[in-house]
Amino acid sequence: MKSEDQLIEECSQTVLAIYDTMEILGGKWKVLIIACLCYHPMRYSELLKKVRGISGKMLSRELKELEVNGLIKRNVLATSPVSVAYEITEYGESLKQLTQVIAEWGIQHRARILKGMRQEKV
């Protein structure tokens, strides 16, 4: 059985790891962008449509930060006019399971809330 000091140390390490993760993925948009790119590469304009509510300026900023952290890769396409596509990196793919868990939780939470609303109406 673990001592109280060991449990406190484990908790501290867990909180620090979550803090580090949230520092990289924090905000409203990054996890959504990563979730989109886990399925297939997308052009900037596609991401702008898929990630509802994000402004172009915010999308550009978030994409740059994700690229700096090695989670996505920016590819300039040889088209006329030039377009840019983004894809998840191998390192970024390590977050796919996280996005799926978040999505599953969100589905369950939405169902719970809707069930509660229906029961209140009765």
Side-chain angles (χ1 to χ4, degrees):
M1 189 161 162
K2 294 180 181 179
S3 72
E4 189 170 336
D5 287 343
Q6 288 172 318
L7 291 173
I8 290 170
E9 180 60 28
E10 266 185 45
C11 178
S12 295
Q13 290 175 354
T14 299
V15 168
L16 181 59
I18 292 170
Y19 177 81
D20 290 345
T21 302
M22 294 307 295
E23 190 69 22
I24 302 293
L25 300 178
K28 188 174 176 180
W29 308 111
K30 288 187 181 111
V31 173
L32 296 172
I33 293 166
I34 289 168
C36 287
L37 295 176
C38 278
Y39 292 96
H40 61 86
M42 298 177 90
R43 291 189 332 265
Y44 177 87
S45 58
E46 292 174 304
L47 282 166
L48 199 54
K49 289 176 189 170
K50 264 306 186 209
V51 183
R52 291 183 302 180
I54 194 170
S55 69
K57 184 177 179 179
M58 180 59 77
L59 177 59
S60 292
R61 184 182 310 153
E62 299 289 56
L63 288 168
K64 284 177 188 171
E65 288 182 23
L66 291 169
E67 187 179 9
V68 164
N69 285 298
L71 299 172
I72 65 169
K73 181 177 156 187
R74 181 179 188 271
N75 298 314
V76 178
L77 305 175
T79 58
S80 181
V82 172
S83 60
V84 175
Y86 294 89
E87 67 179 296
I88 199 84
T89 62
E90 188 176 325
Y91 181 54
E93 280 190 31
S94 66
L95 294 168
K96 187 171 186 172
Q97 184 180 359
L98 175 67
T99 63
Q100 290 170 337
V101 168
I102 291 170
E104 288 167 12
W105 187 90
I107 290 166
Q108 292 171 4
H109 178 69
R110 182 178 296 257
R112 182 174 187 248
I113 296 299
L114 292 173
K115 182 180 177 185
M117 290 171 67
R118 285 192 296 269
Q119 288 176 348
E120 286 178 10
K121 289 182 181 179
V122 174

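As the structure is a computational prediction, the values presented were derived from the model and not from experiment. Position 1 is the first residue of the sequence, and the numbers go up from there.
- With values rounded to the nearest 0.5 angstrom, D20 atom CG is found 8.0 Å from E23 atom CD.
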N/O donor to acceptor pairs below 3.5 angstrom from side-chain atoms of residues 46-56, sequence neighbours left out:
residue : atom : partner : partner atom : Å
E46     : OE1  : R43     : N            : 2.6
S55     : OG   : M58     : N            : 3.1

> Does the side chain to side chain contact (heavy atoms under 4.5 Å, CB included) test come out yes or no for D5 and E9, once each step is laid out?
Replying inline: CA-CA 6 Å; D5 287 343; E9 180 60 28; over 6 Å; no
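- With sequence neighbours excluded, the residues satisfying side chain to side chain contact (heavy atoms under 4.5 Å, CB included) with I18 are T14, M22.
- The NZ atom of K30 sits 8.5 Å away from atom CD1 of I34, with the distance rounded to the nearest 0.5 Å.
- Note that the NZ atom of K28 and the CD1 atom of I33 stand 12.0 Å from one another [nearest 0.5 Å].
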Please output the side-chain donor-acceptor pairs of residues 85-94 that fall under 3.5 Å, not counting sequence neighbours, one pair per line with the distance.
residue : atom : partner : partner atom : Å
E87     : OE2  : N75     : ND2          : 2.6
T89     : OG1  : G70     : O            : 2.6
T89     : OG1  : L71     : O            : 3.1
T89     : OG1  : Y91     : N            : 3.4
T89     : OG1  : G92     : N            : 2.9
S94     : OG   : Y91     : O            : 2.5

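- E10 meets the salt bridge (charged side-chain N to carboxylate O under 4.0 Å, His left out) test with K2; sequence neighbours excluded.
- For Q13, the CD atom is densely surrounded, since the number of other residues' heavy atoms within 6.0 Å is greater than 12.
- V84 and W29 fall within the same hydrophobic cluster, where Ile, Leu, Val, Met, Phe, Trp and Tyr residues are linked whenever their side-chain heavy atoms come under 4.5 Å apart, directly or through other members.
- For residues 100-121, the set of pairs meeting the ring-ring contact (aromatic ring centres under 6.0 Å, His included) definition, not counting sequence neighbours, comprises W105-H109.
- For H40, there are no ring-ring contact (aromatic ring centres under 6.0 Å, His included) partners, not counting sequence neighbours.
- Using a distance-only test at 3.5 Å, with no hydrogens or angles considered, no donor-acceptor pair links the side chain of E62 to the main chain of L59.
- Cluster membership check: L95 shares its hydrophobic cluster with I24, using side-chain heavy-atom separations under 4.5 Å among Ile, Leu, Val, Met, Phe, Trp and Tyr.
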>> As a quick check of understanding, evaluate side chain to side chain contact (heavy atoms under 4.5 Å, CB included) for L98 and L25, giving each step before the final call.
In response: CA-CA 11 Å; L98 175 67; L25 300 178; 3.8 Å; yes
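- Residues K57 and Y44 share a closest heavy-atom pair of N-OH, 4.4 Å.
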> side chain to side chain donor-acceptor pair (under 3.5 Å) between E104 and Q108: does it pass, once the steps are laid out?
Replying inline: CA-CA 6 Å; E104 288 167 12; Q108 292 171 4; 5.8 Å; no
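- No path of Ile, Leu, Val, Met, Phe, Trp and Tyr side chains, each step under 4.5 Å between heavy atoms, connects L77 with L37, placing them in separate hydrophobic clusters.
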